[in-house]
Amino acid sequence: RMQRRRLLGVLAALLLIVSAGALPGDTLVESRFIRDADGWTLSGTAGAQPLSVDRSSQRLKGGDDGDVVWYWQAPEKYLGDQRGFFHAVLKYTLGHYMYNAAGGGHDKHPDIILESASQRLTLEARYVYNVTSPFSEYAVPFSGEAFVAYCQAGGNSETCEGAGARCEQDEECCSKQCVGGAARWYNKKTGKPARNAEILKVLGDISALKIRGGIHTMGAERTFLHRPRILEGGA
C-alpha cells in the first residue's frame, strides 16, 4: 500500500508537468538580476557582507572575510507547490572575484538546501561544487538519482571509457559499471540519499531554497551568482 501511494504521487507530478505543456529545456522560473536582486535575500548573515547587484554583468554579489557559511535564498516565485519541478533542473553559474584556494572545509556544509516547513523535511544537495575553478555552471536535478555517474573501474580504450570517466550507461565503460557519484540530494535528518518520494514531498510545499555562497574557509572571498533558473528536464 505504501509503495502504491508513492507511485501515485510520482504519477501525479508527471501529470502536472504534462498538463503544463512544458518541453525539455523550457524555463519554468528564472532570475536575471537586470535591475535588482529579484527578491533574493541573504541567509546566514553573521559575518557575511550585504548582497549587491552588478547590473552590467547581471550578477548577484556577496562575500565574507573568513570561515563564514552563508546562502543566497530564493524569492517567493520558487516556493510553494512546485511539484512541476520534479525531474526539472536547477541551473546557475557561481564564481569568485577573489578567494583563497588553500581554504578547505567546503564539504562540511550542503551546497543547496531545499526545505518544506509544513512537511518537516529538509533535503541537502552535497558535493556539488568544483572548488578548484574560479567559476562554474552547475546543473542540479530535482530527482533521487546521483547528479553525475562515473565508470567504476578498468582502463580505457578507443571504444569504451576507463575508471573515473563520466558516463550515463554501463555500455560506455570498459568495466561495464557506470555508477552514481556522491553528488546528490540527501535527507538532512537521516543522512541517507533522498528518495524520489521525499523530493516530491518537499516540492509539494517548498518553504526555502538556498544556494551556498560562503565556500572557502581561509581569507576573504567575493562570490557571485548568475542567472539561477529552473529548466524542464530531458534537455
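Below, all heavy atoms of this structure are taken into account, side chains as well, without hydrogens, waters or symmetry copies.
- Ile206 and Leu231 end up in different hydrophobic clusters when Ile, Leu, Val, Met, Phe, Trp and Tyr side chains are linked at under 4.5 Å.
- Under the salt bridge (Lys or Arg N to Asp or Glu O under 4.0 Å) rule, Glu30 has a single partner from Arg229, Lys77, Arg227, Lys91, which is Arg227.
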May I have the step-by-step check of side-chain contact (heavy atoms from CB on, under 4.5 Å) for Tyr138 and Phe147, ending in yes or no?
-> CA-CA 10 Å; Tyr138 297 98; Phe147 303 153; over 6 Å; no
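- The nearest pair of heavy atoms linking Asn156 to Cys174 is CA-SG, 3.8 Å.
- Going from atom CG of Leu94 over to atom CD of Glu137 covers 11.5 Å, rounded to the nearest 0.5 Å.
- Glu172 and Arg166 get closest at one heavy-atom pair: OE1-O, 4.2 Å.
- When all heavy atoms are compared, the tightest approach of Val53 to Asp36 is CG2-C, 3.6 Å.
- The minimum heavy-atom distance linking Asp205 with Ser116 is given by the pair O-OG, 2.8 Å.
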Val89 and His87: CA distance, side-chain angles, deciding distance, side-chain contact (heavy atoms from CB on, under 4.5 Å) verdict = CA-CA 7 Å; Val89 178; His87 281 298; over 6 Å; no
Show your reasoning for whether disulfide (SG to SG under 2.5 Å) applies to Cys167 and Cys178.
-> CA-CA 6 Å; Cys167 56; Cys178 179; 2.1 Å; yes
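- Between Arg222 and Asp65 there is a salt bridge, since a side-chain N of the basic residue sits under 4.0 Å from a carboxylate O of the acidic one.
- Leu28 places a side-chain heavy atom less than 4.5 Å from the side chain of Glu232.
- For the pair Ser31 (side chain) and Asp38 (backbone), a donor-acceptor distance under 3.5 Å is absent.
- Remark: Cys151 SG to Lys176 NZ distance equals 9.5 Å, nearest 0.5 Å.
- The pair Arg212-Asp111 counts as a salt bridge, with a side-chain nitrogen and a carboxylate oxygen less than 4.0 angstrom apart.
- Electrostatic pairing of Glu115 and Lys210 counts as a salt bridge here, judged by a charged N lying under 4.0 Å from a carboxylate O.
- Looking only at distances, no side-chain donor or acceptor of Arg83 sits under 3.5 Å from a matching main-chain atom of Leu200.
- Ile215 and Phe224 fall into different hydrophobic clusters, where Ile, Leu, Val, Met, Phe, Trp and Tyr residues are linked whenever their side-chain heavy atoms come under 4.5 Å apart, directly or through other members.
- Note: the hydrophobic cluster containing Val69 does not contain Leu42 (ILVMFWY, side chain heavy atoms under 4.5 Å, direct or indirect links).
- Between Tyr97 and Lys61, the closest side-chain pair of non-hydrogen atoms falls below 4.5 Å.
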Carefully, step by step, assess Tyr99 and Thr223 under the rule side-chain contact (heavy atoms from CB on, under 4.5 Å).
-> CA-CA 8 Å; Tyr99 69 102; Thr223 316; over 6 Å; no
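- At least one side-chain heavy atom of Val29 sits less than 4.5 Å from a side-chain heavy atom of Phe85.
- Cluster membership check: Phe142 shares its hydrophobic cluster with Val202, using side-chain heavy-atom separations under 4.5 Å among Ile, Leu, Val, Met, Phe, Trp and Tyr.
- Separation of atoms OG (Ser43) and CD1 (Ile113) is listed at 7.0 Å; rounding is to 0.5 Å.
- The two residues Leu225 and Pro228 come nearest to each other via the heavy atoms CD2-CG, 4.1 Å.
- With Tyr186 as the aromatic partner, Arg126 does not meet the cation-pi criteria of under 6.0 angstrom to the ring centre and within 45 degrees of the ring axis.
- Aromatic ring pairs are classed by plane angle as parallel below 30°, tilted from 30° to 60° and perpendicular above 60°; the pair Tyr92 and Tyr129 is perpendicular.
- Counting non-hydrogen atoms of neighbouring residues, nucleotides and ligands closer than 6.0 angstrom, the CD atom of Glu171 exceeds 12 such neighbours.
- Rounded to the nearest 0.5 angstrom, Leu209 CG and Trp40 CH2 are separated by 5.5 Å.
- Under the 4.5 Å side-chain heavy-atom criterion for ILVMFWY residues, a single connected hydrophobic cluster contains both Tyr78 and Phe86.
- Interatomic distance, Arg120 CZ to Ser118 OG, rounded to the nearest 0.5 Å: 10.0 Å.
- To the nearest 0.5 angstrom, Arg195 atom CZ is 8.0 Å from Thr190 atom OG1.
- Looking at heavy atoms from C-beta onward, Glu221 lies in side-chain contact with Asp64 at the 4.5 angstrom threshold.
- Taking the six-membered ring where the residue is Trp, Trp72 and Trp70 present perpendicular rings, their angle passing 60° and hence far from 30°.
- Between Leu60 and Ala37 the shortest heavy-atom distance is CD1-CB, 3.8 Å.
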